[in-house]
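Data block below; observations after.
Quick caveat: nothing in here was measured; it's all calculated off a predicted structure.
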Amino acid sequence: MRNFLSFSFIILSIMVSAQHGKLRKVAAIGFLNVENLFDTIASADYIDGTKDKKNPAFHRSIPIDSIQFLDAEKYSGEWNDDLLKGKKVVKYQGGSEEFTPNSSKNYNTKIYNTKLANEAKVISELGSKYTKVPPAVVGLIEVENRQVIEDLIKQPVLAKYDYGIIHYNSYDYRGIDVALIYQKARFTPSNSSKKELKIYNQNGKREYTRDILVVTGFLDNEKVAFFMNHWPSRRGGEAISLPKRNAAAALLKQQMDSIRIADPSTKLFAMGDFNDDPVSSSLKNYLKAVASPKDLSEMNPYLNLMYPLYKKGIASLAYQDAPNLFDQIIVSQNLISKQVTNEYSIYKAEVYAPSYLINKEGNYRGYPFRSWNGDQFTGGYSDHFPAFVILQKEP
């Protein structure tokens with residue numbers, strides 16, 4: 001029934017520019033949609049507006065049964081960091097009971113530990129064919145809170161690489177966020193912030209979604225910036241929901257342009273689940289990510305590394321029985337070079353789909369081997385294939 005993905009879900013790597021000879025110093029940067037990485041505790045968000053916005057205690061996840069012990073006021077306004085300054089309030093998450101032992105999913109510690117081990121295994125392998133070690137920087141999508149990330153980086157396959165965490169809670173209606181983890185020996189953050197995406201429905205009511213996480217710093221002493229994305233879904237239909245993703249693209253471009261103009265030497269990486277393909281209006285017309293290095297210019301300085309894969313029929317997921325490449329990496333022009341130099345440039349970009357990440361049977365044969373089939377835990381990994389990019393330079 002769904003054999004149309006059998007060709008699409010093969011692994012294909014692309015050469016962005018012709019490179020000859022063996023790789024020199026390398027680094028892998030990747031990301032993974034961890035498909036609802038929740039802990040087993042029913043949670044709510046506690047916003048303590050008396051603290052600085054960059055303090056993790058400003059907006060943190062708390063067990064619901066601890067609310068009675070907190071100092072909190074009633075609040076019925078818009079959820080916005082600036083509006084909540086000076087206030088102490090609780091925000092309840094939609095479906096906070098879904099991933100708990102008492103839910104229909106029977107989400108218990110055993111399942112949680114399996115989920116952590118599965119995601120850590122995938123992360124540890126991203127780009128390791130080329131680098132022999134896990135990625136220097138990894139983006140995460142669909143994490144519930146900071147605690148699940150801390151549990152993730154303590155997994156045996158990741159623990160010895162001493163990953164740091166950059167995470168901010170969002171006002172997403174389900175309580176899921178994006179985050180970044182990084183090897184402290186390879187990447188030194190200089191600044192981080194979340195950029196709220198403010199979108200509204202036809203009645204003028206705000207719809208709460210994920211923020212764009214912006215992180216600047218030094219990767220092996222080179223100035224870089226990362227932009228983690230999880231754009232609004234296609235819920236309600238692709239056309240109806242497209243303006244929301246166009247708004248996300250406009251916000252992302254604004255943030256990328258701001259850093260690029262302030263310091264043109266900074267190398268930019270925008271990555272994540274865009275809920276659109278490389279040819280969609282949001283990415284082509286609003287972000288203005290071009291398809292080929294030859295299309296790069298001062299007016300169009302961003303290259304979508306996944307466009308050639310998309311044209312080859314490669315997919316990272318199946319949405320409503322159609323193959324899509326929603327998981328993408330977009331880079332700035334200064335990462336493209338025809339020669340290996342003493343600065344990092346792109347060597348390869350891949351959608352990572354080894355056999356164990358692919359469903360082998362049934363109606364979903366050829367799809368990503370996801371963690372959940374309704375309320376049944378499958379033992380799988382994610383409903384998306386991850387992606388990564390390999391950088392190279394002279395030693």
* Start with the C-alpha gap between E97 and N102, add the side-chain angles, then the distance that decides, and say whether side-chain hydrogen bond (donor to acceptor under 3.5 Å, both in side chains) holds. => CA-CA 8 Å; E97 300 283 347; N102 296 326; 5.6 Å; no

Have [X] and [Y] got a donor and an acceptor in their side chains that come within less than 3.5 Å?
| X | Y | value |
| --- | --- | --- |
| N229 | R210 | no |
| D48 | T50 | yes |
| Y200 | E207 | no |
| N304 | Q328 | yes |
| N145 | D39 | yes |
| Y364 | N373 | no |
| K244 | T209 | no |
| N169 | D45 | no |
| T216 | S190 | yes |

* Taking the hydrophobic residues Ile, Leu, Val, Met, Phe, Trp and Tyr, and joining any pair whose side-chain heavy atoms are under 4.5 Å apart, which ones share a cluster with L197? -> I199, I212, V214, F227, W231, L251, L252, M256, I259, L268, F274, L283, L287, Y302, I330

State, yes or no, whether a side-chain contact exists between [X] and [Y] at a heavy-atom distance under 4.5 Å.
| X | Y | answer |
| --- | --- | --- |
| Y307 | V279 | yes |
| Y46 | V89 | no |
| E298 | Q333 | no |
| E222 | K393 | yes |
| M306 | S316 | no |
| E78 | L83 | yes |
| N33 | Y381 | no |

* Structure fact -> Looking only at heavy atoms, the pair that brings V34 and L140 closest together is CG1-CD2, 4.3 Å

* To do: Indicate the atoms forming the closest heavy-atom contact of L32 with E119, along with that distance.
  => CD2-OE1, 3.4 Å

* Asked: Using 30° and 60° as the class limits, which term best fits the ring planes of Y130 and F388: parallel, tilted or perpendicular?
  -> tilted

Heavy atoms from other residues, nucleotides or ligands near [atom1] of [X] exceed 12 (cutoff 6.0 Å):
| X | atom1 | result |
| --- | --- | --- |
| Y286 | OH | no |
| R206 | CZ | yes |
| K129 | NZ | no |
| N201 | CG | yes |

* Asked: Between S170 and D172, is a side-chain hydrogen bond (donor to acceptor under 3.5 Å, both in side chains) present by the stated rule, with each step listed?
  -> CA-CA 5 Å; S170 73; D172 176 74; 5.3 Å; no

* Salt-bridged, K267 to E343, with N to O below 4.0 Å? -> yes

* **N-O pairing of E150 and R146 below 4.0 Å** => yes

* Asked: For Y310 and F326, what are the C-alpha separation, side-chain angles and deciding distance, and is it a ring-ring contact (aromatic ring centres under 6.0 Å, His included)?
  -> CA-CA 10 Å; Y310 178 79; F326 289 171; 9.7 Å; no

* Asked: Can the ring centres of Y171 and H59 be said to be less than 6.0 Å apart?
  -> yes

* Asked: Any chance the rings of F226 and F187 have centres within less than 6.0 Å?
  -> yes

* Tell me, please, which residues at least two apart from F218 pass ring-ring contact (aromatic ring centres under 6.0 Å, His included). => none

* Over-ring placement of K54 relative to Y168, 6.0 Å and 45° cut-offs -> no

* Given the rule in the side-chain hydrogen bond (donor to acceptor under 3.5 Å, both in side chains) test, do S282 and D276 qualify, once you have shown the distances and angles that lead to the verdict? -> CA-CA 7 Å; S282 58; D276 267 337; 2.7 Å; yes

